[in-house]
Every structure is written in C-alpha cells, then in structure tokens.
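For reference, the structure is listed below as structure tokens.
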Amino acid sequence: MKRYWNEYQKEIADDHFFYERSCIRQTFFAGSETTFLRILREELDKDICDNPHQHTCTGIGYHSDVVPFETTMTVVARLFSLMTECGYKNFVPSCVTSFGVFTEMMAKWEENPALKEQARQYLWEACKREFEVPENIVHSSDIIFKFREELKPKMRYQLVNRFTGRPLRVVEHIGCHYAKIFPHHGVGKAEFPYVLAGMIESWGGEVVDYPERRHCCGFGFRQYLVQENRGYSIANTKKKFESMEPYEPDFILTNCPGCAMFLDKWQYTIAEMEHKTYDQAGYGIPVLTYEELTGLLLGYDPWEMGMQLHQVQVDRLLDKIGVAYKPEEKYLGVGGKLLPTPLKPEILKQ
Amino acid sequence: MGKLIDMIRQDVRFGDSLKACMNCGVCTAICPAAEFYDYDPRRICDTVQRGDEDEIERLLTSDTIWYCGQCLSCKTRCPRGNVAGELIQVLRSVAQKMGYYRSSEKGRQQEQLMKGIGQNILEIGYCVHPDRVDPAYHPEQGPVWEWYHDHIADVAPRLGANYHGDGAGALRNIAQEDLDEVRRIFEVTGGMELRNYVLPTEEKDNE
C-alpha cells in the first residue's frame, strides 16, 4: 500500500527550542504544558527555554477581528525578539492557533520583504527591539512525533486494552490551523496529517478513520466567544461525534488545546440538551491532549497532569490501559489538601 | 474616503486572499459556517471580484461577513489558491473602519469581543485566562470547570502551574514591563485605533 504521507515530511529541529506558551492550553490544560517540558527535559534530555517575558500572540483576538494584522505581526516580532535575545533559533508554539499565526507572518514576510521591514520598524518604534526569524518553526506535537520511537522503550504502558489484548481504537483530531493554512508546515500536510496518527501507531494503538475526520472542532472564534453564537460551535462538534460514534473509539487525541476542550465539554452539553452520549455505556468518549497521552504511557500521575479537569472522565480509559493510579487523590489540592468534589452531571455518567 | 474596493485592495492580505475566483464552490462545500448559517463564501468572493460598490456596501453592512468561523479549511481546497476566510478578515476590517459593522446584529457583537478578548490582551497579556472564564457565562463548561474555577489556587500548583506568580510558568502574572511593550505595540500599529472604532465612548474613557 502506498503511504502518501511519507512524501510530506518536514524538518523538525533536534534540540535547543524556544517554547511559546498557549493561552488556551494554560487555561484548560496547564498540566499538559508542564508535562511537555518534563518530557523534553527529563526523558529526551533536550534544552528548551520557557521565557518569563512571553505573552499572548493575540491569535484569538486576531481571528476575532479585534486586533489588526499589523498589530499581531508586531507582537509576533516581539516574541521572535525574545527568542533571538536568548540565543535560540528553533521556535515551538504550544497552541495551534499561534502556530498558524506565526507561520502566516513568516510566509507574508518571505513573499513581501517590505512587510518584514515594516515589522522591524514598528517593533523598534514601540519597544526598541530587534528580531531574527526562526530557522525552524514546529508545533510542540511535532517534537513528540519526531521522538516517538525514542520515547517508546521508556514507556510503562502501551495503547492496548488489557482486558481484551486488542489495540485501543483512537480518533485523532488535528487543529485546523496546524496544516490547513500552510500544509507544508504539517507532518503529512493537510490531507494526510500523520503527527498524531504516528504516535498512536508507534505506541500500539489503532487509528480510527471516519467520514468527518478533517472537519473543524467547531470553535469558530467569535462563533464560540459570543454566547449567542454558540449554536455554530456545538453543531459542528456534534457532526463529528455522530460521524465517529459507529466506530466506537476508546478515546480522542488532539494536538490543539481548543479542540481538546470543545470535544470534551460539548459532550457534557449535548448530554444535558439531548440526553445523548456517544459511547454505549453513557460515559462519553474521553479526550486527551498528546502531552497527557505521552505522559500517561510514560507512567506519570494522571492527576499531576490535570486529567481530573476533563468533564468526560478518564478513569475507565486508565483501567483499560492498566495505568496504576489513586482514585482517592483525584480531587486533592496541592500538598494533599482535601477539597470538595465537583458536582455530578445529570446525564453524562462520571 | 476612497472607494470601498480600493480600501479592500489596500489590505496587505488581499492579494493572497483573492487572486481569480472561478466560482467552483469548493470553498462553500467544505465550509462549516455554510452548513450552519445561510452563508456562501463563493458568493462573497464573487461580490468582491465584481467590484460593484453598492453590492460591497450591502455585504459590509450585513450579518453575512460575520458568519465565518476562521477555520480556513477553504484555503486547503481552493484550486485557485484563494482564501475566502482571509478575504473575510479584510472585509471585517473595512466594515469596522467604516462603522458598517454597527448595521448588523452579528457585526455589533464586535463590541462585546473587544471588551472581552481585546481587554484581556491589554490588561493581563492573555487572550484567555481561567479567571476570566466565568462559569455563569459558560454553563457549557460543566461542573468540573466550575470546581476548578472555585479551587484553582489549590489545584493549579499541583499541575506545576505558577498561578499568579512572578517569573516563568503557566498562568504566571505577566510583568508590567512586558504588558507596557504590548500596549505600545497596539498604539504604534493601529490596535488602539481599532479599539476606538469599536468601543463606546464611555468604555474608552475608563481606560
């Protein structure tokens, strides 16, 4: 069988990365960013800079049309100047929206050098700063993809159902701005993205192909951010769930933090609105970030990674994989502080 | 003020967004917004390509340009390399500069977005932050989010986050010197000017 994605590889640097944090991942999956840095530093022995002077790329504001192009371009230039100042050349955004914004600005500068010069002038006027364009820009999931085989021998678990001995069936969902805007920046390009499928296959799982695999998660920026518009968002997510449901996936894996949040939270909302869940037992389909999955297989504590913050509970998936975990520690605070537990939804089983 | 079509063409994104549309409709076929709204990116490309001022003004004052969700799936599939979603960004920019966004219900939502996301960026340096995802406004987030929102000071450190701390780490406070540079970028590049188009006078006075 011809593997088309093999023709669409991209360059992913080996070491010395500058990490650009994500507003959405920090908000909803702060433990995933911690886990990513831990994997790079402790498992792969890589150098990655977490610069305290970074800030939002403004991407959500840019795609919601409250930040002009020139402003976002210059904010990007400032973030590149932090990278330059620290002596790094390999830029790694955690957010897929940010990845799209950075690659958009780099593409615009390449085709229009006068625009890059304008960015330099704006940045100098505003901040008295200078910048270099990264030599290598990849999404953080690309790095885990690149080193997936190197990580495999360190893993305590595989993507195998310990009760049946069969590979776990995984839906992978790639954020739209990872490869749809600039396909050559994505592993496998836009039509055959392989960044998450490669992890799943290497670690023993089975990738589920389904009709709406490439459909947007439904975020839609202003279509979610404005409460009155959220019908757009949930309707598009629902379309994906209905399409994947017959394949009975064990979980969904994402590289975009927004997608991970929507695919998780809308299952709760659909259950409340329509009494509908997308697994036969009524618990919903767990949604994992690629950092959580990697950490889980490496034996990291799921609660230290923040997996208790998912609305669709992950416990039954942990049982399937055979992960050793302590249910009684799930909702503890730092230092073992006892906290009340979350309320239980009426429909979605917990 | 020049013609609307000239304003549209002056945007640096215009050249990439609309080269020569042959009206095949692939963008509409792939578009999530077209499945949900009465929305047809093919017709938008056609309207702009024809350059009729009256038609463009009708478009800019309508709800239509605010339906796109910016997934940019259209870019991947257009056989001519057009990007309907990027053209939408250009049209929205002109609609705000001209005040046309106030003529439509969806357009007027820009004020809400500017008060939310726009304010977050300038005040705290994040587009989104857990402190500002209020469960009352986000019932779809569910009871686990409400729990995290209520107990974040106890839970975030367990996740390795630096919630409201100084220095590096997830959810740290962004230093005032860095926020000042971001604000200065907004002043120099037109970000504050756009805020002034969109925010009501009393909101601007409070800054």
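Every chain is numbered from 1 and lettered A, B, ... according to where its sequence line falls, protein lines coming before strand lines. Heavy-atom basis, side chains included; hydrogens, waters and symmetry copies ignored.
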[X] (side chain) donor-acceptor with [Y] (main chain) under 3.5 angstrom:
{"X": "A/Thr72", "Y": "A/Phe69", "result": "no"}
{"X": "A/Ser64", "Y": "A/Gly61", "result": "no"}
{"X": "A/Gln54", "Y": "A/Arg21", "result": "yes"}
{"X": "A/Arg129", "Y": "A/Arg120", "result": "no"}

For chain B, the option from [options] that forms the most heavy-atom pairs under 4.5 Å:
{"options": "A/Met261, A/Gln223, A/His55", "value": "A/Gln223"}
{"options": "A/Trp266, A/Tyr232, A/Tyr122", "value": "A/Tyr232"}
{"options": "A/Glu125, A/Lys180, A/His215", "value": "A/Lys180"}
{"options": "A/Glu33, A/Gln308, A/His177, A/Glu70", "value": "A/His177"}
{"options": "A/Thr341, A/Val226, A/Thr269", "value": "A/Val226"}
{"options": "A/Lys128, A/Lys265, A/Arg25", "value": "A/Lys265"}

Sort [X] into side chain, backbone, both or neither according to what part of it lies under 4.5 angstrom from a heavy atom of chain A.
{"X": "B/Tyr37", "value": "side chain"}
{"X": "B/Ile174", "value": "side chain"}
{"X": "B/Glu187", "value": "neither"}
{"X": "B/Val128", "value": "both"}
{"X": "B/Leu194", "value": "side chain"}
{"X": "B/Glu193", "value": "neither"}
{"X": "B/Gln110", "value": "both"}
{"X": "B/Asn120", "value": "neither"}
{"X": "B/Ala33", "value": "both"}
{"X": "B/Cys74", "value": "neither"}
{"X": "B/Glu35", "value": "side chain"}
{"X": "B/Val133", "value": "side chain"}
{"X": "B/Ser93", "value": "neither"}

Can you tell me which portion of [X] sits under 4.5 Å from chain B's heavy atoms? Options are side chain, backbone, both or neither.
{"X": "A/Tyr331", "answer": "both"}
{"X": "A/Met273", "answer": "neither"}
{"X": "A/Tyr62", "answer": "both"}

Contact winner vs chain A - [options], heavy-atom pairs under 4.5 Å:
{"options": "B/Cys68, B/Gly85, B/Ala153, B/Gly15", "result": "B/Cys68"}
{"options": "B/Leu179, B/Asp180, B/Val12, B/Asp178", "result": "B/Asp178"}
{"options": "B/Ala161, B/Gly160, B/Gly142", "result": "B/Gly142"}
{"options": "B/Glu177, B/Arg13, B/Met114", "result": "B/Arg13"}

Taking only residues at least two apart or on different chains, which pairs with a member in residues 120-135 of chain B satisfy salt bridge (Lys or Arg N to Asp or Glu O under 4.0 Å)?
B/Glu123-B/Arg132
Steps toward salt bridge (Lys or Arg N to Asp or Glu O under 4.0 Å) verdict (A/Glu191, B/Arg77):
CA-CA 10 Å; A/Glu191 304 289 358; B/Arg77 293 291 172 82; 2.8 Å; yes
Using salt bridge (Lys or Arg N to Asp or Glu O under 4.0 Å), reason through A/Lys108 and B/Glu86 one step at a time and then give a plain yes or no.
CA-CA 13 Å; A/Lys108 291 272 192 280; B/Glu86 194 173 17; 2.7 Å; yes
Between A/Phe28 and B/Trp145, does the ring centre distance come in under 6.0 Å?
yes
Between B/Phe36 and B/Tyr67, ring centroids under 6.0 Å
no
Pairing residues for A/Asp301 by the side-chain contact (heavy atoms from CB on, under 4.5 Å) criterion, not counting sequence neighbours:
A/Trp303, A/Glu304, A/Glu329
Output, in order, the C-alpha distance, side-chain angles, deciding distance and verdict of side chain to side chain contact (heavy atoms under 4.5 Å, CB included) for A/Glu111 and B/Asp16.
CA-CA 10 Å; A/Glu111 68 191 38; B/Asp16 286 332; 2.6 Å; yes
Check the pair B/Asp63, B/Lys106 against salt bridge (Lys or Arg N to Asp or Glu O under 4.0 Å), reporting the backbone distance first and the verdict last.
CA-CA 5 Å; B/Asp63 276 334; B/Lys106 294 288 183 191; over 6 Å; no
Does A/Leu339 have more than 12 heavy atoms from other residues, nucleotides or ligands lying within 6.0 Å of its CG?
yes
Between B/Arg184 and B/Glu181, does the salt bridge (Lys or Arg N to Asp or Glu O under 4.0 Å) criterion hold? Intermediate values first, please.
CA-CA 5 Å; B/Arg184 184 78 186 119; B/Glu181 287 197 21; over 6 Å; no
Reported OH-to-CE distance for the pair A/Tyr300 and A/Met307, which is rounded to 0.5 angstrom
14.0 Å
